[in-house]
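Values below: every heavy atom of this structure, side chains too, minus hydrogens, waters and symmetry copies.
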Amino acid sequence: MSQINKLKILNDPIYGFITIPNPLLYDLIQHPYFQRLRRISQMGLSYLVYPGAHHTRFHHALGCMHMMQKAIEVLKFKEVQISKEEENALLIAILLHDIGHGPFSHAMEHSIVEDVNHEAISLLFMNRLNVEFEGQLSLAIQVFKGEYHRKFMLQLISSQLDMDRMDYLKRDSFYTGVAEGNINSDRLIQMLNVVDDVLVMEEKAIYSIEKFLMARRLMYWQAYLHKTSLVAELILTKILKRAKELTLNGTELPSSKALLFFMKNKIELEDFTDSVLDQFAQLDDYDIVSALKSWQTDEDFILSSLSKMIINRDLLKIKLSSEKFPKEMIHELTQKFSSTTGISNEDAEYFIFKGKIKNQAYSKDAEPIHILKKDKTIEDVVEASDQLNLKALSKPVTKYYICYPKQLLEN
């Protein structure tokens, strides 16, 4: 295959044309590990709330690569020295930063794989690809792990103002139609600079940064932590837990080979051998959705009832509050549900449960967003801003939720 064919141009509804800058990136995108991201939705079950939210992690990863290309261009223009190898490492690291996501990632991380986060799996995929590509990903992996001496390179991939957030806020806002999430990524990128190998933003970007942090906060409440998406994800976690429980007790549930493997085995991070990673690479949204369709008719009351809820979008009732819900409330609802359905109190916990969610647009504990002032001093954005709302945005907001079947309201 001639090199010329690998310098492709893709059309993106948000940025227009995205270019694949070199044959190595093209080959990584073509790899089955990366192509599987086309079958994994970026926002999980949010399409139950926002019907347009069907964009994929594949789409997002390409958007991040495009943002990174622009950021590198701006920094080079400002005479930040970035070698060809470093440039390549940045593009590879941002392209592959989410490659370890499974289907409906957060529900998976809490049920089928035992507390293995997607960052750890991303690294496993990257190491595996590095072997296949004969060491060409070594520098990208070093940067991704934060082991490279130039700190700003990791900050471009993972910080409170990174290329990942710039793309997902803009993209998720576009596909959900939640206009409050739309940010001016072009302006933010134009304001980037590097001082002593640390990423900084020029002072005149301050209002754009405030808007970015505000957009992030609003997207969390309106989209990512929207109560309907939240209850759907919680139900899916319960379904996968139940399916795993039944499978380990000898029930044969209809499911794909890859899904069955993870339901039959207790998989922790140290169990991720090459063959386990290959099984994981076979998993995508299609495995989960087709399993849910089959499980709707299963004889297990819990599994079939919960699966029907997701497939027909007839979910549990969820209530949010800034106060904790009393234990007695759960007890009362459980008793009521047990007596009407005849299931045990223990099984009723699949339908009646409580918990909490937290939203913090800007964290004071993480690496701050550095503002480069006109007098060349550097300040945390919260101090540099004359907006009191930035101080408010750095306070974590906790909300409590309780979920229970709708029919309990009627009785």
Side-chain angles (χ1 to χ4, degrees), residues 21-25 27-28 61 64-100 117-168 185 188-203 205 209 212 269 362-373 375-384:
N22 64 50
L24 173 59
L25 284 155
D27 291 337
L28 286 169
C64 290
M65 181 187 75
H66 177 68
M67 296 271 95
M68 187 64 88
Q69 282 171 287
K70 293 206 152 187
I72 292 167
E73 217 173 279
V74 166
L75 293 175
K76 281 180 144 182
F77 179 73
K78 293 180 183 176
E79 297 181 345
V80 176
Q81 297 303 308
I82 299 174
S83 70
K84 203 72 202 130
E85 290 72 27
E86 288 173 334
E87 187 173 324
N88 228 2
L90 281 169
L91 293 171
I92 293 168
I94 196 74
L95 183 73
L96 303 180
H97 78 283
D98 266 353
I99 199 170
N117 65 25
H118 64 268
E119 289 91 353
I121 302 175
S122 289
L123 202 50
L124 293 172
F125 275 125
M126 285 160 97
N127 286 325
R128 184 76 180 276
L129 287 165
N130 198 26
V131 173
E132 222 171 291
F133 284 88
E134 298 173 345
Q136 291 182 80
L137 281 72
S138 297
L139 186 57
I141 290 168
Q142 224 184 321
V143 172
F144 184 78
K145 288 164 82 174
E147 290 171 0
Y148 192 57
H149 65 280
R150 305 193 73 186
K151 194 173 171 185
F152 81 89
M153 288 175 64
L154 175 65
Q155 290 171 314
L156 284 168
I157 296 158
S158 175
S159 65
Q160 300 210 65
L161 190 66
D162 56 30
M163 300 306 111
D164 173 33
R165 289 181 186 191
M166 281 209 205
D167 181 78
Y168 77 63
S185 53
L188 287 163
I189 286 176
Q190 286 300 329
M191 296 294 120
L192 287 171
N193 210 334
V194 170
V195 175
D196 299 330
D197 273 335
V198 172
L199 200 64
V200 296
M201 295 294 282
E202 289 168 13
E203 191 174 10
I209 297 170
F212 166 85
L269 192 55
Y362 182 70
S363 168
K364 283 179 174 164
D365 306 325
E367 175 79 25
I369 294 174
H370 300 287
I371 300 293
L372 176 64
K373 313 263 297 221
D375 62 7
K376 300 287 182 236
T377 57
I378 291 173
E379 211 173 1
D380 181 340
V381 68
V382 172
E383 307 309 321

A side-chain contact here means heavy atoms from C-beta on lying under 4.5 Å apart; do [X] and [Y] qualify?
{"X": "Ser185", "Y": "Met166", "result": "yes"}
{"X": "Gln142", "Y": "Leu139", "result": "yes"}
{"X": "Leu199", "Y": "Val194", "result": "yes"}
{"X": "Arg150", "Y": "Val80", "result": "yes"}
{"X": "Leu75", "Y": "Phe152", "result": "yes"}
{"X": "Met65", "Y": "Met68", "result": "no"}

So, taking the atom named [atom1] in [X] and the one named [atom2] in [Y], what distance separates them when rounded to the nearest 0.5 Å?
{"X": "Asp162", "Y": "His97", "atom1": "CG", "atom2": "NE2", "value": "7.5 Å"}
{"X": "Leu129", "Y": "Leu137", "atom1": "CG", "atom2": "CG", "value": "6.0 Å"}
{"X": "Leu124", "Y": "Ile99", "atom1": "CG", "atom2": "CD1", "value": "11.0 Å"}
{"X": "Met126", "Y": "Ile92", "atom1": "CE", "atom2": "CD1", "value": "8.5 Å"}
{"X": "Ile72", "Y": "Met153", "atom1": "CD1", "atom2": "CE", "value": "8.0 Å"}
{"X": "Gln155", "Y": "Ile157", "atom1": "CD", "atom2": "CD1", "value": "10.5 Å"}

Taking [Y]'s backbone N and O only, do any of them form a donor-acceptor pair with [X]'s side chain (distance below 3.5 Å, no angle check)?
{"X": "Tyr362", "Y": "Gln160", "answer": "no"}
{"X": "Lys78", "Y": "Leu192", "answer": "yes"}
{"X": "Asn130", "Y": "Gln136", "answer": "yes"}
{"X": "Ser122", "Y": "His118", "answer": "yes"}
{"X": "Asn127", "Y": "Leu123", "answer": "yes"}

Side chain to side chain donor-acceptor pair (under 3.5 Å) evaluation trace for Tyr148 with Asp197:
CA-CA 11 Å; Tyr148 192 57; Asp197 273 335; over 6 Å; no

Applying salt bridge (charged side-chain N to carboxylate O under 4.0 Å, His left out) to Lys70 and Glu73, what does each step give before you reach the verdict?
CA-CA 5 Å; Lys70 293 206 152 187; Glu73 217 173 279; over 6 Å; no

Sole residue of Val381, Thr377, Val382 in side-chain contact (heavy atoms from CB on, under 4.5 Å) with Ile371
Val381

Work out which heavy atom in Ala140 is nearest to a heavy atom in Ala89; give both atom names and the distance.
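Scanning both residues completely, I find the closest heavy atoms to be CB-O, 3.5 Å.
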
Return the minimal non-hydrogen interatomic distance between Phe133 and Asp27, and the atom names on each side.
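Closest pair (atom of Phe133, atom of Asp27, distance): CE2-CB, 3.6 Å.
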
Tell me whether Glu147 at atom CD has more than 12 heavy atoms from other residues, nucleotides or ligands lying less than 6.0 Å away.
yes

Ile189/Met163 under side chain to side chain contact (heavy atoms under 4.5 Å, CB included): CA gap, chis, key distance, verdict:
CA-CA 9 Å; Ile189 286 176; Met163 300 306 111; 4.1 Å; yes

